[in-house]
Amino acid sequence: MADIESALKGQVSRREVLKKGVVGAAGLTVLPAVLAACSSTAASPSPTPTPAATPTPGGATPTPGTATPTPAAAVTGTFHLGNNHSDPSDLKGVQAIDAAFIKENPGVNIVLNTVDHGTFQDQINNYLTTTPDDVFFWFSGFRMRFFAAKGLATAIDDVWATVKSNYTAGFATSVTGDDGKVYGIPVDYYPWCVFYRKSLFSDKGYTVPNTFDDLLTLCAKMKTDGITPIAFADKDGWPAMGTFDILNLRLNGYDFHVGLMTGKEKWTDAKVTSVFTTWQKLIPYYTAGFSGLTWQQACDTLVRKTGGMYLLGLFLTGEIDTVDTTGAAKKDTDFFPFPYMGNSFDAEKSLDAPIDIVMMSAKSQNLQADMVPAKAYVAYWAKGTTQLLMYQANNGFIPTASDVDTTKLDTLTQKAVQVVSAAQKITQFLDRDTRPDFAGAAGMQSFLLKFLATPTQDLAALQKSIQDYWDKLPAFGG
Amino acid sequence: MSKLESEGLAPASETFSGAGVALPVQRHHHYSLLTAHDKVLLALMVGIPLFVFVILIWITTLASIVLSFTDWQLIGNWHWVGLDNYTQMFTTYPFFWTAVRNNLLWLLFFLGFATPMGILLAVCLDRQLRGGWLYQTIFFTPVVLSLAVVGIIWNLQLSPLAGNGFIDSMLTGTGLVAPANAPNWLGESTPLFGLPFPFPPLGMISVLIVASWRHIGYIMVLYLAGLKSVDPALREAAAIDGANERQTFFHVVFPVMAPINRVIVVVTVIEALRAFDIVWILSHGKEPLQLLSTLIVSNALSESSLIGFGSAIAVFLLLVSLIPIIAYLTRVMRSED
C-alpha cells in the first residue's frame, strides 16, 4: 500500500495549496477570487510561457481585461466529443456551447456522443483504453491524475498556455498531473451545503442551525411539525458519501479525512466510529424509504416543502428548476454550510467542492486528424462567456474562468462562491478523493448502504470489513 | 466428431450413392464421397460456429479462470496473486455471502413458486377455456416486454411514498396503511420482521415478485407447448378408467411430460443463477440486492475494474452453474444410450 500513499500524496499537498490563503482576501464577492492564491506553486512547465499570462504572485485576482485569451482564427474539421452531461438541462447547455462554437468556426463538425452520466463513469476505464472520443468531460483531482499517469490522457500544456491567465492558481493545480503537465481545463465547480426553503423557515419560525446540537433541535422541532426534517436519498449509492465526508471533516478534521482517503489512516480507527455514531443521530430524521429514492426524488420533497433540509451539491438547483419551471422555488431556496461541532476543526470551515474539467483522450483513433478543432474546442471552454452558457442551462455549475461576467450570476451562486472562498480546506468528494475501485457500487457505496440499513449494527465488524476491502485492493500503480 | 461422421455424414453419402452407382459405405483414406464443394461447405458450416464457440465461450472462460489468479485492473501492471481473490471472496468480503444468499433465495422461490405457477397456468390454459388465447397473451406479455420497460414499470410501482410510488400512494391514499408505515419496497434493506442475515430483506422479496412476473409467463409457454404434444388418447384412456382431472394430470400427463419437466427444472435453475437484468435495472445490485452476476459486473466492469476479483466470483458462478448442466446432460446422454 506504500505506493498508493505516495501516489495520492501529491494530491494532498496540492489540495492544501489549493485552499490556503483564500480566507481573508478582500472582495470575496468577486468570483475570480475563488481559489486565488499560491501561484508560486502553479506547475505549468509550458515551453512557451506567455508573459502576460503569468499570474501575479500573492494571490491577486487577475484583471479580467488581460485575462481574456486572444481570439484565435477560425478552425475547421471534425472532432468527437464524449459528453456525460446527460441530464436534460445540462445537455442543453452543452448543445448551446457547441452551437456557439460552430457559429464562430463554421467549418467545424462536432460528433456528439452523449452517454448517461453514471454509465459513462462505470465504463471510463474501458472507454479510455479502447475507442474514446477526442474530447471528454471528467473530474479533476485524483481521478484525472489517475488516467493521466496511465497515459490515457493527452497533455494540453499548449492550450493551457493560451488560457491560463484566465484561471487562478488554485484551478491550475487542480488540472496538473503528477508529471507536472496540464491535462484538463476546469469548467465548473459546486459546493456541498445544506439547502432549505426560506419561506418554510420564516413561516415556521426556524433559524439556521450553526452547531450540530442546533441542527438536532431543529430536526426534532420539524418532526413535530409534520415535516421530514432532512431530505435524504441513497438509491444512487453516492449521495451518502457527502454526509460521510462532512461528518468526518467536522469531527476529525481535514488531515484525518485525507489520510483516510489515501490509506494512511485506518477505517478501523475510533475516529471513524465516531462518524458513524454521530450519523446515527441524524438517520431518524431522514426521508422514509431513502434507500429506495433517487436524489432527484428527495429534492422534489424540498420543492413540495415536505422535506426541510437537504445536504447536496449546488447542482440540485437544476433539479429544482426542472420541477418548478416558474423559478419561484429556486428563488425561495437558500443554503448554509453544514453545522459545526464546536471543536478545533470548526475553523477549517471545510467542505466538498468538486471541480469538473474537460480533457482530451490519448487513444482516440481520430486524435491526430481532429487535433486542431479539438484543442480549439477545449480552449473555448476556458472562456467566461462559454461557461456562462452552461451556467444558464444549470445554475448549479459555477463558472471557473476569471473573466466571467459576475453580474450574470444569481445571489445563490454568489453566496456559494463566498462559502467556498471562506473554506480553509476543500475536498473533492469521497469518490474523487480516493481510489475508484474502493469507492464503487461493490465497495464503499454498499458499505454505507449497509450501515444506513441497520445503523446500530456491530460497527467494529463493519469498519473491519471496510478496511479488509481496502487492504485487498491491488497495489496501486505497481 | 466421430458421432457427426457416423450419424450425419454416412447416411448422406448413402443417399448420393442411391443414384445407381454402387459405392462402398465405409470410407477410405484417399477416396472421399464428398466433392470439393461439399468439403468447403462442411468446413464452413462446422468451422464458423466452432470458431465463434471457441472464441466466445472457451477462450473467454479460460481467460476468466486465469485472470481470477491475478490483480489485473485493465490498465497498468498486474501480478499473480495466487488464491488471494478467492480467500477474500470467501472470508472478508461480506457482499459475496449476501449475493449467494440472494441467488439461493431466487432458486428456491422460482422452484417453489414461479415455476409451479407457470405450470399451473399452462395446465389451465390447455383445457380449451373460453378466451384462452386472451389469458395466454396477458400472461406472456411480460416476457415480450423489453427489460428497460420492465424496469420503468416497476420503478414507478415500487418507489417509496416520497417518490410517489403507485403501490404506496394507493395503500396510503385508501387509508389501508399510515403514511409513516408505507413500505419501502425496493430499497428496504432492514431485515424483514427484524430477522438477521441470512433472512432476506423486503427489497429482495419485491425483486423476486417482479422476476416471477416474467418467469411465470415464460414457463407457461414452454409447458403449454409440451402439453399440446401429449397424445389425447392417453387422457381418453385415463378418463375411461375413471381417473379424475387431478389423477389424470399427476399419474398420466405429468410422467409423460418427463423430458419437458427436466427442461423446465434446468431452465429454472439456470434462470436463478444467471439472474441479473431486473436487479441491475432496479438497483445496480447495490446492498442488499447483490447477486453473483451483479457483483461480477460492479467489481470487474465498473470504474473499479477489479478484473481479477470479479473473475474469481465469475469462476465460482461457473462452477456452481456446471452442476445442474452436467446433471442434465448426463441424464440426457444416458437416456439416449
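The sequence lines fix the lettering, A, B, ..., with proteins before strands; numbering per chain opens at 1.
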Any chance you could measure [X], atom [atom1], to [Y], atom [atom2], to the nearest 0.5 Å?
X	Y	atom1	atom2	answer
A:K235	B:L186	NZ	CG	6.0 Å
B:T91	A:D468	OG1	CG	7.5 Å
B:F95	A:Y469	CZ	OH	8.5 Å
B:H284	A:D236	NE2	CG	9.5 Å
A:F438	B:L306	CZ	CG	11.5 Å

Is the shortest side-chain heavy-atom distance between B:E303 and A:R143 below 4.5 Å? yes
Have A:D122 and B:S302 got a donor and an acceptor in their side chains that come within less than 3.5 Å?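 Checked: A:D122/B:S302 side chains show no N/O donor-acceptor pair below 3.5 Å.
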Would you kindly say whether A:S291 and B:N184 are connected by a side-chain donor-acceptor distance under 3.5 Å? yes
At a 4.5 Å cut-off on heavy atoms, which part of B:N85 comes close to chain A: side chain, backbone, both, or neither?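 For B:N85, neither part sits under 4.5 Å from chain A.
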Considering only heavy atoms, which portion of [X] lies under 4.5 Å from any heavy atom of chain B: side chain, backbone, both, or neither?
X	answer
A:I124	side chain
A:L152	side chain
A:D431	neither

Restricting to side-chain contact (heavy atoms from CB on, under 4.5 Å), what partner residues turn up for B:L292, sequence neighbours left out?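 B:L292 satisfies side-chain contact (heavy atoms from CB on, under 4.5 Å) with B:F96, B:A99, B:V100, B:N103, B:I313, B:F316, B:L317 once adjacent residues are dropped.
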What residues, two or more places apart in sequence or in another chain, satisfy side-chain contact (heavy atoms from CB on, under 4.5 Å) together with B:A114?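 So B:A114 forms a side-chain contact (heavy atoms from CB on, under 4.5 Å) with B:F110, B:S212, B:H215, B:I216.
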How would you list, in number order, the residues of residues 156-172 of chain B that have a heavy atom less than 4.5 Å from chain A?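 Residues of residues 156-172 of chain B touching chain A at under 4.5 Å: B:S159, B:P160, B:A162, B:G163, B:N164.
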Report, as yes or no, whether the 6.0 Å neighbourhood of atom NZ on A:K305 holds more than 12 heavy atoms from other residues, nucleotides or ligands. yes
Taking all atoms of both residues into account, what is the closest heavy-atom pair of B:Q73 and A:N125, and its distance?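 Nearest pair, atom of B:Q73 first, then A:N125: O-ND2, 4.1 Å.
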Can you give me every donor-acceptor pair (side chain of residues 440-452 of chain A, partner residue at least two apart or in another chain, under 3.5 Å) with its distance?
from   : atom 1 : to     : atom 2 : distance (Å)
A:S446 : OG     : A:A441 : O      : 2.7
A:S446 : OG     : B:E287 : N      : 3.1

One option among A:G307, A:A288, A:G237 has the most heavy-atom pairs under 4.5 Å with chain B, and it is A:G237
Step by step, would you call A:K472 with B:M89 a side-chain contact (heavy atoms from CB on, under 4.5 Å)? CA-CA 10 Å; A:K472 287 287 185 183; B:M89 179 172 97; over 6 Å; no
